[in-house]
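All chains are named by letter (A, B, ...) in the order of the sequence lines, taking the proteins before the strands, and each is independently numbered beginning at 1.
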Amino acid sequence: MRLHNTMSRRLEPLRPLRAGEVGIYTCGPTVYDAPHIGNLRTFLFEDVLRRSLHLLGYRVTQVMNLTDVEDKIIDGAHRAGQSIAEFTAPHVDEFFADLAALGIEPAEHYPRATEHIDGMIELIEALIEQGYAYTAEGGVFFRIDRFERYGRLSGIDLSQVVRGERVADDEYGKDDVRDFVLWKSAKPGEPSWPSPWGDGRPGWHIECSAMSRHFLGETFDIHCGGVDNIFPHHENEIAQSECAHQAPFVRHWLHSEHLMVDGEKMSKSKGNMYRLADLRQRGASLRALRYLFLSVHYRRKINFTDASLDAAGSALRRLDELRFRLEHVAGGGPDSTADGDAGGEEARQSDDRADATGFQEVLDALRRDFRAALADDLNLSAGLAALFRFVKETNRRLEAGLETRQAAAALAALAEVDRVLGVLDPEAWLEPTQSAAAWLGDAEIEALVERRDAARAERDWTEADRLRDELSAAGVVLEDTPGGTLWRRS
RNA sequence: GGCGACGUAGCCAAGUGGUAAGGCAGGGGCCUGCAAAGCCCUUAUUCGUCGGUUCGAUUCCGACCGUCGCCUCCA
């Protein structure tokens, strides 16, 4: 597998420290508000990464931190007259609910900054002992001059930069304006923790260094985040961790590009800072949202528009249609088909049962091309192209008459691909589109379908069409085939 | 100002030193009582512009134009 590495700015083969095992640290949310769809794009990219690694046979340990102590949180809690824990709790819930709503698999660990203060203090002590950090008015600071490699990740040349007025308002007693804070001394009324340097709270960057070390060790495989984290956050993490440990920090840096809305950067002032709740209100399909995010490479900006979401929904309908027809041929409803948990072994066996009319090659091509696309820096655009080539070819054969076994094998192949995509099973995305009043039970639908069939047999097209309209209004789509009328909920 | 990314059909989006995947939308046809779905055909002599290297460039180099990002706590 090859992945782009921000450090070298090129594709590099993934070489995990321990063969077959990958440790990933992903910068998580600051829990002062519900995530916006830009945050979610990044989390979805990280979901694709872990799912891809799984499909390609790696074991994965993913850590995602929750930043639950920080200026905005302290302000918010203060204003609400709440403790930090009280203030952040609902936002933590929103965060997990949003991940679930987008089909994002849970990480192995979700540590909170406030649970790892001790680890941060240890790191800071190590930095002070080795002369990389110093105490001054306002707290403890990292001395950037002591770390020659500072700026390598972001390509920033510190000797050129940061002499402007933006740092003039600095409230701290740093030796050098470029130094960054590791520990902030508490101001009256602020939440604080005891430390060798007095009561205070950690700076932002140190939490990731402490928590990644705790769960993944001093050196680990992959660190992810949005591009805006490259500088200063990740640059500072590198400085802290490498100086404290005297060991390499991260082998592979992966950063996802931002999301734009209607061609503009999302921002509160523009009113285009959407959260999932906003999209739900507008009747958007979250399944289509996942598909849309999946369809654009992670290092490329996505321009989110209504039209793009609609197009994603249309593409999904085409995939659903194939699945629907395959399930019918495979005999049995959705319940009897392989689901997303079908292992490679099982899928392989159903392939073998598929006959040798060349359909095997169609199945193999999907598996091969899809995996190759993932292994090439998570090129899902190419992976989806492979999927649609499979769709076209399978539809063609469906028209000519596909055997039950072949249909089952095709469904198994789709399930395998869906282990990464996570959008192919409509049953998993029950999104209420119909009002309760219009909703019909299976028996009712079948009765109406039978009545329509009877009307058609008598060539009473008016009545037949009326019944079809009635079903359509209830969200039921009919398909007349030589083998009879099929129906499904849209 | 410094650093960086990108600019491929109506829209979205892969890709390669040797002649442009895929999706959406559109047009024509087959099928159908009519539909729906599906299938077939069709929609970029061309990859921002201008130069250069090359037998040959969309792909490499340079300039320019445009869009966007980062430059101390925003995914």
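Ring to ring, A/F390 and A/F370 are not that close: their centroids are 6.0 angstrom or more apart.
For A/R396 and A/I302, each mapped to the nucleotide of RNA chain B holding its nearest heavy atom, the one lying further toward the 5' end belongs to A/I302. For A/A464 and A/E479, each mapped to the nucleotide of RNA chain B holding its nearest heavy atom, the one lying further toward the 5' end belongs to A/A464.
Base engagement by A/R452 is indicated by at least one non-hydrogen atom pair under 4.0 Å involving a base atom. Among the heavy atoms of the strands lying under 4.0 Å from A/G38 is at least one base atom, whether or not backbone atoms are also near. Looking at heavy-atom distances under 4.0 Å, A/K392 makes contact with sugar-phosphate atoms alone, never a base. A/A311 comes within contact range of the sugar-phosphate backbone alone, with a heavy-atom separation under 4.0 Å but no base atom that close. A/R325 comes within 4.0 angstrom of sugar-phosphate atoms only, judged by non-hydrogen atoms across all strands, and of no base. Contact annotation for A/L259: base contact, defined as any heavy-atom pair under 4.0 Å involving a base atom. Using a 4.0 Å heavy-atom cutoff across all strands shown, A/A315 reaches sugar-phosphate atoms only and no base atom. Base contact: A/D480 has a heavy atom under 4.0 Å from a base atom. The residue A/H258 sits close to a base: some heavy atom pair falls under 4.0 Å. Counting any heavy atom pair closer than 4.0 Å across all strands shown, A/E321 reaches sugar-phosphate atoms only and no base atom. A/S314 comes within 4.0 angstrom of the backbone, heavy atoms only, and of no base.
A salt bridge links A/R287 with A/D320: the distance from a Lys NZ or Arg NE/NH1/NH2 to an Asp or Glu carboxylate oxygen falls below 4.0 Å.
Listed nucleotides B/rA75, B/rC73, B/rC68 differ in distance to A/V181; the shortest reach to its side chain belongs to B/rC73. Nearest to the side chain of A/H297, among B/rA14, B/rC34, B/rG69, sits B/rA14. For A/M266, taking side-chain heavy atoms from C-beta onward, the closest of the listed nucleotides B/rG38, B/rA75, B/rA21 is B/rA75. The side chain of A/F231 has B/rC71 as its nearest neighbour among B/rC71, B/rA36, B/rC74. Among B/rC34, B/rG22, B/rC70, the nucleotide with an atom closest to any side-chain atom of A/A385 is B/rG22.
Below 30°, between 30° and 60°, or above 60°: for A/H234 and A/H255 the angle between ring planes is between 30° and 60°, a tilted geometry. A/H223 and A/Y25 have tilted rings, their planes meeting at an angle from 30° to 60° on a 0 to 90° scale. Ring geometry, A/Y298 versus A/F45: the interplanar angle falls under 30°, so the pair is classed parallel (tilted spans 30 to 60°). Taking the six-membered ring where tryptophan is involved, the planes of A/F142 and A/Y132 are essentially parallel, since the angle between them stays under 30° and well short of 60°.
Rounded to whole Å, the P atom of B/rA44 lies 24 Å from the corresponding atom of B/rC30. As rounded to the nearest Å, B/rC64 and B/rG26 have C1' atoms that lie 36 Å from one another. Comparing the C1' positions of B/rC65 and B/rU54 gives a spacing of 26 Å, expressed to the nearest Å. Look at the C1' atom in both B/rG38 and B/rC74: the space between them is 47 Å, to the nearest Å. Comparing the C1' positions of B/rG28 and B/rU16 gives a spacing of 33 Å, expressed to the nearest Å. Atom name C1', nucleotides B/rU46 and B/rU59: the rounded distance is 13 Å, in whole Å. B/rC40 sits 10 Å from B/rG23 when the P atoms are compared, rounded to a whole Å.
You'll find a donor-acceptor pair under 3.5 Å spanning the side chain of A/T42 and the base of B/rA75, going by distance alone. Side-chain atoms of A/R389 stay outside donor-acceptor range of the base of B/rA21, with no qualifying N/O pair under 3.5 Å. One cannot find a donor-acceptor pair under 3.5 Å joining the base of B/rG15 and the side-chain atoms of A/N379. Side-chain atoms of A/D228 and base atoms of B/rC73 include no donor and acceptor less than 3.5 Å apart.
The CZ atom of A/R488 sits 9 Å away from the P atom of B/rG38 (whole-angstrom rounding). Between A/E235 atom CD and B/rC73 atom C1' there is a gap of 14 Å when expressed in whole angstrom units.
Proximity of a side-chain donor or acceptor of A/R371 to a complementary backbone N or O of A/L55 within less than 3.5 Å is detected. For the pair A/N5 (side chain) and A/L11 (backbone), a donor-acceptor distance under 3.5 Å is absent.
The aromatic ring of A/W461 is stacked on the base of B/rG33, with the two ring centres less than 5.5 Å apart and the planes inclined by under 30°.
Contact annotation: A/R318 reaches the phosphate of B/rG23 (side-chain N/O to OP1 or OP2, under 4.0 Å). Listed pair A/N395 / B/rC39 meets the phosphate criterion, a side-chain N or O lying under 4.0 Å from OP1 or OP2. Checking the phosphate oxygens (OP1, OP2) of B/rA14, a side-chain nitrogen or oxygen of A/R300 falls inside 4.0 Å. Contact check, A/K301 against B/rG4: no side-chain N or O comes under 4.0 Å of OP1 or OP2.
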